[in-house]
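Sequence lines set the chain letters: A, B, ... in the order given, protein chains first and strands last, and positions in each chain run from 1.
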Amino acid sequence: MAVYILSEGSGPGSLVPPHLTRIPISLLSPGINCTNKTVKGKVIHKGPLVRVEADDFILKTVIKEDDAMESVCSQKTSINIVIFGALAESFSHRVSTGDVVLLSGFTVGKSPTANKDKLHPCNLLLSGDDACVYVSKQKPPHPRSPLVSKRSSLISAEGSRMVKAPKYTYVRLDELKNESVVNVYGVVVFFKQPFKSRGTDYCSSLKITDQSEHKVGCTIFCERLEDHPKIFHTGDIVRMHRVKVKIYNNSLTLVNTSGFSVVTFHGTVGGAVEPRTSSKTFHFDEDDRRTVEELRSWAASQTLLPSVSAAVPLSAVQPSAYFDLTCQLLAKATVDTTCTLLRVWDGTRCPHPLLKVIVDPNVTEGPSSFSKQKESLIANVLVYDNHVEFARQLKPGAFLRIYNLRAILGSTKVPGLTCSQPVEVGHLAFHLHGGTSYGRGIRVLPENSPDVQEVKRVMEEFLQEQDDEFPELNDSELVWSTPPEFLDGEAVDCQTVKTCRHQLQPVTLSQVKQSDAGQVHHVRVQLRSYEPHRLHQALKLFCSRCTSIQDIPDDELVAAIFSEASKCSEAYSPPPWALSGHVDLAGDTSGAQQLSRSVHISTKLMTEGKTDQLIFLMGCTLEETCHLAATYQNIVPVSSSGGQLALLDLSVPFLFRGRKRYYGCKRCSEAALREPSTEGMQMIDEKIIAEALGVQLLQLVLLMKLELQDATDTLDVFLWKHAGHWVRGWVQPGQVTTPS
DNA sequence: GTTTAGGATTGG
């Protein structure tokens with residue numbers, strides 16, 4: 001996830017990975033496969049940055065496709081974009097109206113405002129790690145100025161458009177001067193994944209070289225793991241800014257200094273120049289691209305450099321050898337305090353029999369059993385000591401590279417839980433020994449990395465073969481990559497097989513349909529389909545009075561209603577029980593003018609000293625309301641209507657409590673502004689406020705629809721409340737299941 | 001604005 005600012009003349013194409021293909025905005029429709037797709041357009045509207053939590057943001061923008069592809073003239077070429085999280089914050093700071101952006105890693109939704117704004121019927125949602133914005137600055141925001149701040153790399157990256165960029169110079173590795181602070185490029189010949197130092201930071205150790213053939217060791221200390229070089233292979237290219245040359249043991253070394261930043265590239269000649277960095281913006285121009293490509297081809301010609309990778313698939317593992325393994329984590333189990341078992345596969349079959357490790361399902365995260373076919377491909381990896389802590393953070397489903405793994409013929413005893421089982425002589429076990437020698441460690445690889453793509457391809461081949469050979473298995477666990485989830489603090493079981501304990505005789509679906517309501521049945525059926533496919537879409541609002549279920553209103557819609565209400569400036573008289581005043585919209589540091597909004601509070605609450613426990617807030621946008629929700633425990637948005645104060649339409653939350661929003665049922669509420677009675681109450685909660693306001697409170701529930709079939713009929717089944725949660729974890733379309 | 005580590009395997 002990043003906003004990449006591209007420098008002058010490079011156009012938004014130069015950093016964009018080549019596997020991405022652009023689709024015209026007019027062709028976007030819900031349900032379209034957006035994997036590896038991009039959309040390009042000019043920013044014609046940029047909304048405010050909406051803070052939804054301390055560290056979470058939403059921003060809405062509109063882009064218009066304004067190049068040749070517009071020939072489809074009657075089509076909608078302007079589209080709403082909703083950006084979430086840190087990317088929204090970054091976008092807000094880095095992108096201006098008029099810039100041309102290229103977006104990737106988005107999903108397509110239905111635009112709730114299409115009727116109103118007449119824009120594209122869809123909107124694009126950008127969130128998560130895959131979302132990227134490539135920005136091409138179109139106009140200098142200020143006239144040419146010599147006073148460009150050089151405070152940080154971020155500014156100079158932006159500045160690259162304002163002034164002729166304060167161009168970085170890179171020092172060759174044979175020209176390093178002791179005590180100087182330099183920028184360097186190099187090819188990685190050795191590296192260790194970051195490991196915890198005895199001090200406050202993680203430490204990365206690497207060695208790089210360049211055309212000068214000098215090899216220089218580098219030591220990087222950073223507190224945050226993401227700020228470390230993202231090195232996956234020897235042969236990767238790194239660019240480091242602001243490293244200091246020091247002497248250790250008569251050799252020059254490089255150590256990071258303040259303002260340090262690093263970008264890493266894959267080392268394959270001809271491969272995509274895809275930057276890996278935690279820097280939200282960075283300078284990158286044609287010269288940089290050329291440097292990367294020159295280093296790649298130089299390295300390829302050097303026979304003395306370590307082979308590009310020690311990577312070996314399970315199918316080529318030699319007993320006793322050390323190697324790097326790229327694999328997917330399927331399950332893990334704690335063995336003891338110094339040892340954790342990782343169950344992994346890479347889709348290939350190891351020619352040696354693999355050690356079987358029996359572990360207690362209670363200490364296993366992820367499925368505790370797999371199909372026989374798949375089980376035969378799974379390698380048991382025992383990781384020790386310092387790697388245990390890192391393994392703790394791994395989630396089943398993740399793609400990993402394990403460095404300096406050792407294949408050991410199973411004559412050694414497996415520790416902990418497995419000590420009672422007979423030792424399987426001649427079976428291969430895999431050990432990641434303690435320490436960091438030879439770069440020992442584990443790294444999570446991003447899903448889009450070429451290595452992961454390759455492993456996935458091999459896995460899919462295997463799955464296809466299984467499907468052809470044993471179609472009856474239709475092994476659902478094979479597509480599983482959902483870690484166990486939590487609901488109300490309790491872990492939810494994600495097992496592939498559930499055993500029904502009911503004693504009922506199964507009946508057919510046609511028998512179910514013919515029988516009277518209210519009976520309990522037991523059926524054996526096939527799942528034809530289910531919806532929604534995304535768990536968050538299963539979250540609905542439920543009215544316990546009229547038993548209606550509705551969708552949670554889209555934020556765009558909620559924001560629009562707030563915005564309409566905030567423009568209304570009709571005269572009104574506040575209710576007699578209310579005291580009126582103003583609240584400042586703090587936090588707006590742009591400084592121009594301090595905004596304030598009208599608020600009303602209950603006189604009673606005021607006299608009880610509970611002034612900040614409940615406010616009735618007028619004329620605020622959704623963004624402002626969320627902002628104030630950090631300060632005031634309960635906020636009821638109001639507007640003037642017919643000379644009186646009234647609640648907003650119940651399409652929007654009637655109450656904001658911190659991060660939580662509460663909705664009322666339109667059908668069952670008789671909403672009116674009344675003073676809540678809170679005498680003797682310690683805490684004002686949503687129930688008290690809803691009751692006072694005549695609002696029928698809606699509850700959040702999970703709802704899923706399953707379409708079942710057997711030989712006799714089909715049946716739609718609704719699962720709701722907590723039931724909707726587990727079903728997604730273990731049932732896939734096509735699988736036979738036995739609900740009751 | 002300090003410190004950390006400073007490649008180099010035998011070990012369950």
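Applying the 4.0 Å criterion to OP1 and OP2 of dT9(B), one finds that Tyr438(A) has a side-chain N or O inside that range. Taking only side-chain nitrogens and oxygens, Lys192(A) never comes nearer than 4.0 Å to OP1 or OP2 of dA5(B). Between Ser437(A) and dG7(B) there is no side-chain N or O to OP1 or OP2 distance below 4.0 Å.
Judged by closest nucleotide on DNA chain B, Gly199(A) is the one of Gly199(A) and Val189(A) placed further toward the 5' end.
Distance, Asn249(A) CG to dA5(B) C1': 12 Å, rounded to whole Å. Regarding Asn386(A), its CG atom lies at a distance of 12 Å from the C1' atom of dG11(B), rounded to whole Å. Rounded to whole Å, the distance from NE2 on His228(A) to C1' on dA5(B) is 12 Å. Between Leu225(A) atom CG and dT4(B) atom P the separation is 20 Å, expressed in whole Å. Atom NZ in Lys246(A) sits roughly 11 Å away from atom C1' in dT4(B) (whole-Å rounding). For the pair Leu341(A) CG and dG12(B) P, the computed distance is 17 Å after rounding to whole Å. Atom CG of Leu355(A) is separated from atom C1' of dG12(B) by 13 Å (rounded to the nearest Å). Between Leu206(A) atom CG and dG6(B) atom P there is a gap of 12 Å when expressed in whole angstrom units.
Relative to the side chain of Tyr322(A), the nucleotides dT4(B), dT9(B), dA8(B) differ in distance, and dT9(B) lies closest. Taking the side chain of Ser197(A) as heavy atoms from C-beta on, and the options dT9(B), dG12(B), dT4(B), the nearest nucleotide is dT4(B).
Using a 4.0 Å heavy-atom cutoff across all strands shown, Gly434(A) reaches at least one base atom of the nucleic acid. Looking at heavy-atom distances under 4.0 Å, Thr200(A) makes contact with a base.
Within the structure, no pair that satisfies the salt bridge (Lys or Arg N to Asp or Glu O under 4.0 Å) test touches residues 182-199 of chain A, not counting sequence neighbours. Sorted by first then second residue, the salt bridge (Lys or Arg N to Asp or Glu O under 4.0 Å) pairs that include residues 442-453 of chain A, not counting sequence neighbours, are Arg401(A)-Asp451(A), Glu447(A)-Lys456(A). Residue pairs that meet the salt bridge (Lys or Arg N to Asp or Glu O under 4.0 Å) test with at least one member in residues 259-279 of chain A, sequence neighbours left out, are Asp236(A)-Arg276(A). Listed by first then second residue, pairs satisfying salt bridge (Lys or Arg N to Asp or Glu O under 4.0 Å) with a partner in residues 244-256 of chain A read Glu179(A)-Lys244(A), not counting sequence neighbours.
Looking at Glu454(A) and Arg457(A), a side-chain N of the basic residue comes within less than 4.0 Å of a carboxylate O on the acidic one, giving a salt bridge.
Between the side chains of Thr348(A) and Asp346(A), a donor-acceptor pair is found at a separation under 3.5 Å.
Side-chain rings of Trp345(A) and Phe462(A) approach one another, their centers coming within less than 6.0 Å.
Annotation: proximity of residues 210-222 of chain A to DNA chain B (heavy atom, distance under 4.0 Å) is found for Thr219(A), Phe221(A), numbered in ascending order.
Remark: the separation of the P atoms in dG11(B) and dG7(B) is 22 Å, to the nearest Å.
Applying the 3.5 Å distance criterion, the base of dG12(B) shares a donor-acceptor pair with the side chain of Asp385(A). Checked by distance alone, Arg406(A) brings a side-chain donor or acceptor within 3.5 Å of a matching partner on the base of dT10(B).
Every residue meeting the side-chain hydrogen bond (donor to acceptor under 3.5 Å, both in side chains) condition with Asn362(A), not counting sequence neighbours, appears here in chain and number order: Asp360(A).
Both thresholds, 5.5 Å between centres and 30° between ring planes, are met by Phe190(A) relative to the base of dG7(B), so the two rings are stacked.
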